[in-house]
Amino acid sequence: MNSIKCIKSVLKDIKLYSISIDTFELEIQYTIKKYKGDVTLIIFPLLKIFKKPLKEIGQELGNNIKKKLSFIKSFNVINGFLNLEFKDEYYLELLLKMKQGLFKINKKKHRPLLMIEYSSPNTNKPLHLGHIRNCILGQSMSNIFDTIGYKVIRTQLINDRGIHICKSMVAWQKLGQSKTPQNTNIKGDHFVGKYYVEFENLKRKEIERLLSLGYNYSEAEKKSTIMQSVRETLRKWENGDNYTIEIWNKLNKWVYEGFEETYRRLGITFDEVQYESNTYILGKKIVKEGIQKGIFYKKYDGSVWIDFKNQTLNRKLLLRSDGTSVYLTQDIGTAVERFRKYPIDKLIYTVGEEQNYHFKILFIILNRLGYPWYKKLFHLSYGMVNLPDGKMKSREGTVVDADDLMSKMHNTAMSITQKLGKLKKCSKQEQYQLFEKIGIAALKYYILKVNPKKSIIFDPMESIDFKGCTGTYIQYTYARICSLKIKSMQIKKKYDISISLNMYERTIIKMLEQYISIIKSVANNLDPSILANYIYNLAKKFNDFYQNINVIYEINENKKYFRIKLSSMVGYILKNGMELLGISMLERM
RNA sequence: GGUUACGUAGCUCAAUAAGGAUAGAGCAACUGCCUUCUAAGCAGUUGGUUGCAGGUUCGAAUCCUGCCGUGACCA
């Protein structure tokens, strides 16, 4: 229980002028720096109830609380604020009670089941910065839910079928039949992505030629031989043509090998993978059943629609007139399949905000189809990652590639480390690990510290910082703490609670006690930036303390033990918190 | 045109769910601090009409209304 909850609970039993307080909307918060005290009650609302001067009400309430709680040292009333000051012993005892490993919250026998989907790439292109945001949001949220007691299934849904992969297939058959990622030494996903780009080039040339012959754009697209072969490939694929399927499998396999490598480097893991090629048929079937039930209707051309009969939601297509499915159809199939397979209590889709409308509609449709679990669906929506002059565009080659960016971060970490002269006794391999961990941490933290709802503007010309509010700063703070711990190995004594605390120490303990509520609020808001900012603030407060107060050189042994314990608790929470965000720490740097 | 999200210091962000005290950090710029625990650090200076105008309230960056701007989606 943290100190605010503690005060809250005692308020229930307090009567003021023979009226019980009952915590009616009495807000309690930590006292701001400027005033003396630890916890503040905002007592303005009591004015209306008691119709007495605030000063008097505050005094009365303060006295009552002080009588009930022995650890209240003093209190003061300023305007409508009642500030309570705690005794040092309270904090000293609090720290003694904190144990490392404390933060496995809710070790109940029954763990509710969370399925969380993230990444969900197409198979025609390598992953880019947008995917990185998606992956680390999903990964960190799944870690958070795991600590608060959920059983978590991490999944990705791969969009492995459709016109886009057919384009790569056609271009590869035309230009690169004998080539493979192995014999060209190109990473698999980049290899396939290259043919996607080649395809677009071929198509553009052909269309330009047709336009110059006087056709309009849609005529040109119809007449284009290369587009014809794409459509032919898609048709063959849907009909299960062996040769087409073989090529499809071959290219997708290369892509998966490439993705695998990127995920490994980023530290992203999955418990299972789902493929749209497996679920779109179920989606179609359910839609057809929905027609029988009168939920959907068929137009004269055979296409299937839903009408929301609502001013803000428009009617929506579910099956095209040729019977092929759209994204919505596939997502219906995928959701139903998931709930058939597992007793899911919560399903989170980590998908960009451009799909807000899509998911709103998907959830409504599943409700109308009569699935009671539609209430368990959540869309973790996040803003786009843009460049200073707008969207990343693959056609203009402005897409920030995930692999390139990670390598760039690695190299920057290397050059900064060298400049600082910190490369003393490491092997080459250790050095590589060091740069990798520093670089990836800086990248991840840069993205995670921003509220997911906001869009991020990433300027490729400006490098991501390694000082200030960064992942590196937190790693560095942790390394300092590790070094302190090594130098104080032999000291394992407990301190006694007779010592007095300075303001640095008090501030830190107050922050430590908030950790659990921070984690819960991350889960409630689906927002890891809350944790990222908390960790930074804790690290900052620790550096304040570290720079101004001696730990190992402290003469008073009792104080020294206390400070070592305090530092190591900070270290523990920094590490634990960063790991929840999916960022690794370093013991030395 | 409709729906929705966002708008805070030169730049990047925090505080907004659930209103609270003089709106906090970092970067950039400038000034100090390594013969005691890692200077990727610490201390300090400069920088704000919280897009604009109203409203509710003891109290508004936060809630409400209208407008302006930007993005996304739907058409």
Side-chain angles (χ1 to χ4, degrees), chain A residues 25-29 31-35 37 40-48 54 78-81 83 308 310-316 352-361 381-384 386 388 390-391 413 416-417 419-422 424 438 441-442 446 449-459 462-488 504 521 524-527 529-530 532-534 536-537 539-555 560 563-564 567 586-589:
Chain A
E25 293 120 47
L26 211 55
E27 198 184 322
I28 306 178
Q29 56 188 214
T31 307
I32 58 171
K33 219 179 181 177
K34 237 190 81 185
Y35 296 96
T40 296
L41 282 80
I42 298 164
I43 55 170
F44 283 104
L46 299 181
L47 190 63
K48 278 183 192 160
L54 281 169
I78 298 167
N79 297 323
F81 300 96
N83 302 318
F308 295 101
N310 179 310
Q311 287 178 337
T312 57
L313 298 172
N314 291 294
R315 64 193 189 126
K316 193 81 193 165
E353 66 176 5
E354 69 274 18
Q355 304 280 353
N356 283 357
Y357 185 69
H358 173 85
F359 280 101
K360 196 173 172 187
I361 285 176
S381 161
Y382 62 90
M384 314 219 66
N386 289 324
K391 251 184 160 171
I416 289 176
T417 311
K419 215 182 278 171
L420 291 170
K422 294 211 174 196
K424 284 154 208 156
I438 294 173
Y446 169 81
K449 74 172 175 181
V450 181
N451 183 318
K453 269 199 283 186
K454 294 200 176 183
S455 52
I456 293 181
I457 293 168
F458 174 80
D459 188 347
E462 279 178 41
S463 51
I464 292 171
D465 280 322
F466 285 77
K467 52 180 176 169
C469 179
T470 63
T472 321
Y473 177 91
I474 298 161
Q475 285 178 317
Y476 180 71
T477 310
Y478 180 71
R480 272 181 156 176
I481 293 172
C482 288
S483 159
L484 273 184
K485 274 161 84 180
I486 289 167
K487 290 181 177 156
S488 61
Y504 299 105
S521 116
N524 290 337
N525 294 289
L526 302 181
D527 178 4
S529 75
I530 298 169
N533 286 304
Y534 166 84
Y536 168 72
N537 284 321
K540 190 163 169 51
K541 292 287 183 274
F542 180 80
N543 279 323
D544 253 12
F545 159 79
Y546 179 88
Q547 209 84 28
N548 290 293
I549 306 291
N550 279 327
V551 178
I552 292 168
Y553 294 105
E554 169 61 43
I555 309 151
K560 181 158 129 185
R563 287 176 190 163
I564 289 164
S567 305
L586 291 155
E587 313 221 321
R588 275 190 351 168
M589 61 189 280

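Just so we're on the same page: letters track the sequence lines, and every chain starts at 1.
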Record whether the side chain of [X] comes under 3.5 Å of the base of [N] through a donor-acceptor pair of N or O atoms.
X: A:Thr470; N: B:A40; result: no
X: A:Lys422; N: B:U38; result: yes
X: A:Asn83; N: B:A21; result: yes

[atom1] atom, [N] versus [M]: distance in rounded Å?
N: B:U3; M: B:U65; atom1: P; result: 13 Å
N: B:C52; M: B:C30; atom1: P; result: 32 Å
N: B:U4; M: B:C63; atom1: P; result: 15 Å
N: B:G51; M: B:A9; atom1: P; result: 8 Å
N: B:A5; M: B:G20; atom1: C1'; result: 27 Å
N: B:A72; M: B:U50; atom1: P; result: 29 Å
N: B:A75; M: B:C68; atom1: C1'; result: 24 Å
N: B:C64; M: B:U56; atom1: P; result: 16 Å

I want to verify a distance call: between [options], whose nearest atom is closest to the [X] side chain?
X: A:Asn314; options: B:G41, B:A75, B:A72; answer: B:A75
X: A:Thr417; options: B:U38, B:C42, B:A40; answer: B:A40
X: A:Glu353; options: B:A72, B:U12, B:U38; answer: B:A72
X: A:Pro45; options: B:G26, B:G20, B:A39; answer: B:G20
X: A:Tyr473; options: B:A14, B:U38, B:C42; answer: B:C42
X: A:Lys467; options: B:A40, B:U38, B:A14; answer: B:A40
X: A:Glu27; options: B:G7, B:G20, B:C37; answer: B:G20
X: A:Tyr536; options: B:C37, B:A25, B:U8; answer: B:A25
X: A:Phe44; options: B:A75, B:C58, B:C37; answer: B:C58
X: A:Tyr546; options: B:C58, B:A39, B:G26; answer: B:A39

Tell me which nucleotide, if any, is Watson-Crick or G-U wobble paired with [N] when both distances must be under 3.5 Å.
N: B:G24; answer: B:C13
N: B:G7; answer: B:C68
N: B:U56; answer: none
N: B:G44; answer: B:C30

Verify the stacking flag for A:Tyr357 against B:U3: centroid separation must be under 5.5 angstrom and the ring planes must differ by under 30 degrees.
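A:Tyr357 ring does not meet the centre or angle cut-off for B:U3; no stack.
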
Planes under 30° and centres closer than 5.5 Å, is that true for A:Tyr35 with the base of B:A21?
yes

Tell me if B:C34 is syn or anti. Syn = glycosidic torsion within 90° of 0, anti otherwise.
syn

Taking the six-membered ring for Trp and the single ring otherwise, decide whether the centroids of A:Phe542 and A:Tyr504 are under 6.0 Å apart.
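Judged by ring-centre distance (under 6.0 Å), A:Phe542 and A:Tyr504 do not meet the cut-off.
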
So does A:Glu587 have more than 12 non-hydrogen atoms from other groups sitting under 6.0 Å from CD?
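No, the 6.0 Å shell around CD holds no more than 12 heavy atoms from other groups.
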
Measure the acute angle between the ring planes of A:Tyr473 and A:Tyr536, then classify it against the limits of 30° and 60° as parallel, tilted or perpendicular.
tilted

Could you tell me how far apart [X] ([atom1]) and [N] ([atom2]) are, to the nearest whole angstrom?
X: A:Lys541; N: B:G24; atom1: NZ; atom2: P; result: 12 Å
X: A:Phe308; N: B:G2; atom1: CZ; atom2: C1'; result: 16 Å
X: A:Glu587; N: B:C37; atom1: CD; atom2: P; result: 20 Å

Considering every strand and a 4.0 Å limit on heavy-atom distances, what is the contact class for A:Asn543: base, sugar-phosphate, or nothing?
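Sugar-phosphate: the residue A:Asn543, judged by heavy atoms under 4.0 Å, touches backbone atoms but no base.
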
Hey, does the side chain of A:Lys487 come within less than 4.0 Å of B:U36's phosphate (OP1/OP2), counting only N and O?
no

Report yes or no: does A:Lys316 contribute a side-chain atom to a donor-acceptor pair with the main-chain N or O of A:Ile361 at less than 3.5 Å?
no

